[in-house]
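In listed order, ligands and their atoms are each counted from 1.
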Amino acid sequence: MTGIRCLNSHAELPLSPRDRLLYAVAHVTGTAPALGTRLGSVPLAKPGVVHNALADGLGDTRTVVVTGTLDRRLVLIEHDAGGTWTAADLSGLPHGSRAWPAWTQGQLTIAEPRGWLSHAEITSEGQRRLLRPRLLLASLYHPENFPLPRFPLAISDLARAARSTLLGHVELMDMQLSVSLEDIIGRATSGDVDILGISVTFGQHDLMTWLLDAVTSSDTPPLVVAGGSLTARNEKVLLDAYPDLLIGRSAGEPTIADVLAHWHGDLEADQIRGAGYRGAPRGGGTVGIGRVRRTATVANRLQTDMWPELDLLDTTFQHKGVAQLEASRGCTNYCSFCPRGHKGQWAGAAPDALPWILEEMGAIFDQHPHLSRTLYLVDEEFIGRSDDAAQRALAVADTLVDARFSWETSCRVDQVVRLDRDRAWHVERAHLWRGLAERKLRRCLFGVESGVTSILERFNKETTGTQNALAIRTLTVLGVPPRFTYITFDHLMTETELLETYAFQGRTDLLLRAVPELGVEEIVDCVRDEEWVAEHTIGCPFYTGISYMLVSMECLIGAAYTRKVEAIGLTGRADPSMGRVEAAYADWRIGVLSRWAQLWIDRNFALDYTLKSLEKILDDHPHQVVRGLRRILKNAAYRLLGGMLDLLGTTSTLIGHQEELADRCSALAEGLIGELQADLTPAIAGVEKGLPPDHRQRLRREYTRWAGTDAWRLINAGDPCGT
Ligand code: B12
Ligand code: SF4
């Protein structure tokens, strides 16, 4: 054992976490594990696999616990039944430096807190808490809508929060990764799960109710807690249907940690942070269900640990998925169509909190050398409003570059141009954006949403048409690769506003040529000089830069915009699947146009999505050609909008003309789809020649399906929020 003590007192010894795992085994058995043992190659990001490898290697009689978070993984191994334990912190940091959860007091005693490896005493209650509850975190998914898997951040973040409590153990299942709903139901009702946590986003209400029906009707149902973007919208509907359900109403880290404590009886339901639930029926014992209760949520700025466990990252890559991470949470604004309840106000992680997680993710990337080393930072607003916002953003970008990542993210336009700020501010911002582009920012999404100031006011975007125009010019001249989202139709818009929308989308003085040789001061001045702008336009209308054309407003449940529509009696029934409310248009003619625009989107969605995916993976010339194909689709969409506006202009506002306008839109769309096919057929044939065989087949299959369709029908895909 002296060798082991020696390890603790020489913390600088270059041991890896894997070495420490092997030392821990030696500490228990007195001998080093044989060379080539499974433990020598076990993936440390997957504690379940580590546990099984340890249990196999050590024999079934001793209890093994692998707990704690990825950066502070804690391995506890029992020596003999009822005897002492070995405790190893695989990070190499001393046990005494861990923020031990309160429950461990008196239940788990480390003999040598100054070392990472130590004997430990654990009471039987302590052992029970280390082993229970068994938490299953499940993420739902409709593969037919969005075939590209993304690393499941929500359940991975929750897993970290749960493991940091050292209570019980956590297992993750994600339907994107070859797991079916039946698999989740089977596991959740197997008797081996005490708590089921379900993460649900838009379009998954059906899956959610099937799962809840199956689980709640099983013999010994686990405690069920559900969260995510959709449950935040459907909280009431869900609690009405499933009175025993707990709902996570915000960032779920504190909630899930408290649910584990609640399972042990340490907390009452009303002490679980950020929860919605049904209280006991009034008058105790009476028949009926109690009213919905809500506990306070935790602000993002108090919850800056937003890192995931990485159990599923390797599996995501095996399924050709992409890596996601957040560097900030929440937003600086309150757009009227974007309910903020569960996403909250902006708070960013300090850049120096990132390197360890990037290193861990990088190590998993290294095992997939053919993958593009790109990280999708799914921040709602990458930069934020702190005093040091620009420096922080650059420092985050430096950290990403140091870890050899390219990256993409989203941001508000007012981080580029603000009409209430002076030239010096704009010069600083131009430096920032050029700096980010130099630091491997592959693409940034800007939610422009409109170029018409009266619409922007209704959306509470806190931006104006002029500001948006200047921002688009600035970004393109700086060479930042932007993407823009735009809400073309909204329920409260007027005919004039729609005409102005059409005009803005057609402007050719917004997308400018990148001029890398021009200094940022000059750029700030030049984008305001119409003559200079005319000389530097790329000649393409702005709509060619819009990610998804012809999008209509969605009245999300709980949004201020929805309340405005409701106030004038335009809302209809709720659609729980998309967390929205159906609504009519104040000008019914615009409603007809919006419907035909949606039919157009849906008819072309799969083909456009295929082209978009190809665009992502192709380089150089083939990339340009596929881009050209998408432009053909965008041109056709813009012509549809223009044609429909002409029809609207010649239609009386009297309600009796509804069918007539719809018929005329239908005829227009039919004609345009025919023309689109005539344009696309030779273009696709040209592109195919330059594509590798598997991509060629995929494009041919999708194109044949598209060309063989003559139906106009709505699907439930919506605008994939530009991501
Ligand atoms: C990736 C993404 C998508 C992907 C989803 C693909 C997939 N495979 O999952 C795609 C592109 C398909 C998509 C689509 C849409 N999206 Co989207 N999307 C995102 C994005 C960028 C990242 C999601 C994410 O991983 N977040 C990070 C994780 C950690 O956050 P989270 O999922 O919210 O999880 C936390 C909490 O919700 C909670 N939680 C989650 N699950 C659980 C479970 C339990 C048990 C508990 C207790 C807690 C809990 O805890 C988590 C950790 O804190 C977010 C922006 C964002 N930053 O969230 C927008 C976002 C969620 N999308 C949004 C919208 C509006 C949409 C669309 C409806 C757009 C549209 N109008 O059509 C469509 C839906 C279309 C459809 N048919 O499904 C909005 C929602 C707006 C709002 N305020 O609610 C967001 C917030 C973007 C925005 N600000 O506008 N989206
Ligand atoms: S739409 Fe975008 S900018 Fe507006 S509040 Fe939501 S996240 Fe923020």
Side-chain angles (χ1 to χ4, degrees), residues 135 137-143 145-158 160-162 174-176 195-204 224-233 246-259 272-275 298 300 303 306 308 321-322 324-326 328-346 376-381 409-414 445-447 449 459-463 485 487 548 551-554 556-559 577-580 715-723:
L135 168 67
L137 291 170
S139 211
L140 309 180
Y141 180 61
H142 265 300
N145 287 353
F146 297 103
L148 178 77
R150 292 160 180 266
F151 173 60
L153 259 188
I155 55 170
S156 303
D157 289 356
L158 297 181
R160 176 172 167 85
D174 179 355
M175 285 181 70
Q176 297 177 106
I195 303 176
L196 170 64
I198 316 171
S199 182
V200 197
T201 189
F202 295 97
Q204 298 169 348
V224 186
V225 49
S229 289
L230 192 69
T231 47
R233 312 272 73 76
L246 285 169
I247 297 279
R249 298 174 44 235
S250 59
E253 286 85 348
T255 311
I256 202 73
D258 290 352
V259 168
I272 300 174
R273 289 165 292 174
V298 178
N300 287 334
Q303 170 65 46
M306 57 187 91
V322 295
Q324 305 193 119
L325 194 67
E326 291 169 294
S328 70
R329 276 201 179 150
C331 186
T332 52
N333 206 51
Y334 293 88
C335 298
S336 63
F337 54 82
C338 181
R340 302 302 314 150
H342 81 297
K343 301 302 293 181
Q345 266 183 296
W346 192 89
Y376 292 81
L377 292 186
V378 295
D379 304 33
E380 291 189 281
E381 211 308 322
T409 194
S410 314
C411 191
R412 274 176 58 78
V413 153
D414 63 5
L445 177 88
F446 294 88
E449 311 310 0
F459 291 176
N460 198 34
K461 278 298 302 180
E462 306 263 344
T463 53
T485 50
I487 301 173
Y548 296 93
V551 165
S552 295
M553 170 65 78
E554 306 233 0
L556 293 185
I557 296 170
S577 174
M578 295 302 291
R580 69 189 169 198
I715 53 175
N716 211 10
D719 163 29
C721 70
T723 44

**Study point:** C411 and E381, any side-chain heavy atoms less than 4.5 Å apart
**Key:** yes
Review point. Does an N or O anywhere in Q176 fall below 3.5 Å from an N or O of ligand 1?
Key: yes
Study note, to complete from the structure: Counting from 1 in the order shown, the ligand 2 atoms closer than 4.0 Å to a non-hydrogen atom of N333 are 5 (S)
Exercise for review: State the CG-CG distance between L158 and L135, to the nearest 0.5 angstrom.
Suggested key: 8.5 Å
Practice item. Please confirm whether H342 comes within less than 3.5 Å of ligand 1 when only nitrogen or oxygen atoms on both sides are compared. Key: no
Review point. Is the backbone of K343 close enough, under 3.5 Å, to the side chain of N300 for a donor and an acceptor to pair up by distance?
Key: yes
Review point. Quick one: does N333's side chain have a donor or acceptor within less than 3.5 Å of a partner on N460's backbone?
Key: yes
Point to revise | Option set A161, G248, S199, S250, criterion heavy-atom distance to atom 38 (C) of ligand 1, minimum | key: S250
**Study point:** Contact atoms of ligand 2, heavy-atom distance to R412 under 4.0 Å
**Key:** 3 (S)
Review point. Which atom names give the shortest non-hydrogen contact between I256 and A162, and what distance separates them?
Key: CG2-N, 4.2 Å
Point to revise | R329 touching ligand 1 at heavy-atom level, < 4.0 angstrom | key: yes
Review point. Are any of the N or O atoms of F202 closer than 3.5 Å to those of ligand 1?
Key: yes
Study note, to complete from the structure: One should read off an interatomic distance between Y376 OH and T409 OG1, to the nearest 0.5 angstrom, of 12.0 Å
Review point. Closer than 4.0 angstrom: is that true for some heavy atom of E381 and an atom of ligand 2?
Key: no
Revision key, fill the gap. Heavy atoms of T231 and G227 approach each other most closely as OG1-C, 2.9 Å
Check your understanding: Which one holds for D157 and ligand 1: side chain close, backbone close, both close, or neither close, with close meaning a heavy atom under 4.0 Å?
Key -> side chain
Check your understanding: Relative to ligand 2, is E449 under 4.0 angstrom through side chain, backbone, both or neither, heavy atoms considered?
Key -> neither
Exercise for review: Check ligand 1 against E554 and write out every atom of the ligand that is under 4.0 Å from a heavy-atom position of the residue.
Suggested key: 70 (C), 71 (N), 72 (O)
Point to revise | K343, portion touching ligand 2 at heavy-atom distance under 4.0 Å | key: neither
Check your understanding: Measuring from the heavy atoms of R233, does anything fall under 4.0 Å of ligand 1?
Key -> yes
Point to revise | Proximal candidate to atom 49 (C) of ligand 1 [heavy atom criterion; set G228, S577, P339] | key: G228
Review point. Could you walk me through whether E380 and R340 pass the salt bridge (Lys or Arg N to Asp or Glu O under 4.0 Å) check?
Key: CA-CA 11 Å; E380 291 189 281; R340 302 302 314 150; 2.6 Å; yes
Review point. Polar-atom distance check: V378 versus ligand 1, any N or O pair below 3.5 Å?
Key: yes
Check your understanding: For atom 7 (S) of ligand 2, what's the nearest protein heavy atom and its distance?
Key -> E380 OE2, 3.5 Å
**Study point:** Numbering as shown, the atoms of ligand 1 that approach G227 to under 4.0 Å (heavy-atom distance)
**Key:** 39 (N), 40 (C), 41 (N), 42 (C), 43 (C), 44 (C), 45 (C), 46 (C), 48 (C), 49 (C)
Check your understanding: Do F151 and V378 come within less than 4.5 Å of each other through their side chains, counting heavy atoms only?
Key -> no
Check your understanding: Which option, S328, C335, G252, G341, owns the non-hydrogen atom nearest atom 51 (C) of ligand 1?
Key -> G252
Practice item. Among all protein heavy atoms, pick the one closest to atom 2 (Fe) of ligand 2 and tell me residue, atom and distance. Key: K461 NZ, 4.4 Å
Check your understanding: What about S229: any of its N or O atoms under 3.5 Å from an N or O on ligand 1?
Key -> no
Review point. Rounded to the nearest 0.5 Å, what separation is found between the CD atom of E449 and the NZ atom of K461?
Key: 5.0 Å
Exercise for review: Using a 4.0 Å heavy-atom cut-off, say whether I198 meets ligand 1 through its side chain, its backbone, both or neither.
Suggested key: backbone
**Study point:** side-chain contact (heavy atoms from CB on, under 4.5 Å) between E462 and R412, intermediate numbers included
**Key:** CA-CA 10 Å; E462 306 263 344; R412 274 176 58 78; 3.9 Å; yes
Check your understanding: When only distance counts, is C338 in polar contact with ligand 1, meaning an N/O pair under 3.5 Å?
Key -> no
Review point. For D379, is at least one N or O under 3.5 Å away from an N or O on ligand 1?
Key: no
Point to revise | Nearest-0.5 Å distance, CG of residue L445 to CG of residue D379 | key: 12.0 Å
Exercise for review: Show your reasoning for whether side-chain contact (heavy atoms from CB on, under 4.5 Å) applies to F202 and R580.
Suggested key: CA-CA 9 Å; F202 295 97; R580 69 189 169 198; over 6 Å; no
**Study point:** Proximity flag Q303 to ligand 1, non-hydrogen atoms under 4.0 Å
**Key:** no
Practice item. Could you tell me whether any N, O or S atom belonging to C338 is less than 2.8 Å from atom 4 (Fe) of ligand 2? Key: no
Check your understanding: Are any non-hydrogen side-chain atoms of P308 and L325 less than 4.5 angstrom apart?
Key -> yes
Review point. Would you call P339 and R233 a side-chain contact if the rule is heavy atoms closer than 4.5 Å?
Key: yes
Check your understanding: Between the main-chain N or O of E253 and the side-chain N or O of R273, is there a donor-acceptor pair closer than 3.5 Å?
Key -> no
**Study point:** ligand 1 N/O within reach of T255 N/O, cut-off under 3.5 Å
**Key:** no
Practice item. Nearest heavy atom to atom 88 (C) of ligand 1 wins, so pick from Q324, M553, E380. Key: E380
Check your understanding: At a 4.0 Å threshold, what atoms of ligand 1 neighbour a non-hydrogen atom of E253?
Key -> 52 (C), 53 (O)
Check your understanding: For atom 8 (Fe) of ligand 2, what is the nearest protein heavy atom, given as residue, atom name and distance?
Key -> C331 SG, 2.2 Å
Review point. Taking only heavy atoms of K343, which atoms of ligand 1 are found under 4.0 Å from at least one of them?
Key: 30 (O), 31 (P), 33 (O), 56 (C), 58 (O)
Point to revise | Nearest protein heavy atom with distance in Å, relative to atom 4 (Fe) of ligand 2 | key: C335 SG, 2.3 Å
Review point. Has the side chain of S199 got a donor or acceptor atom that lies under 3.5 Å from a matching backbone atom of I155?
Key: no
Review point. What closest approach, in Å, do R329 and A251 show between heavy atoms, and which atom pair accounts for it?
Key: NH1-CB, 3.7 Å
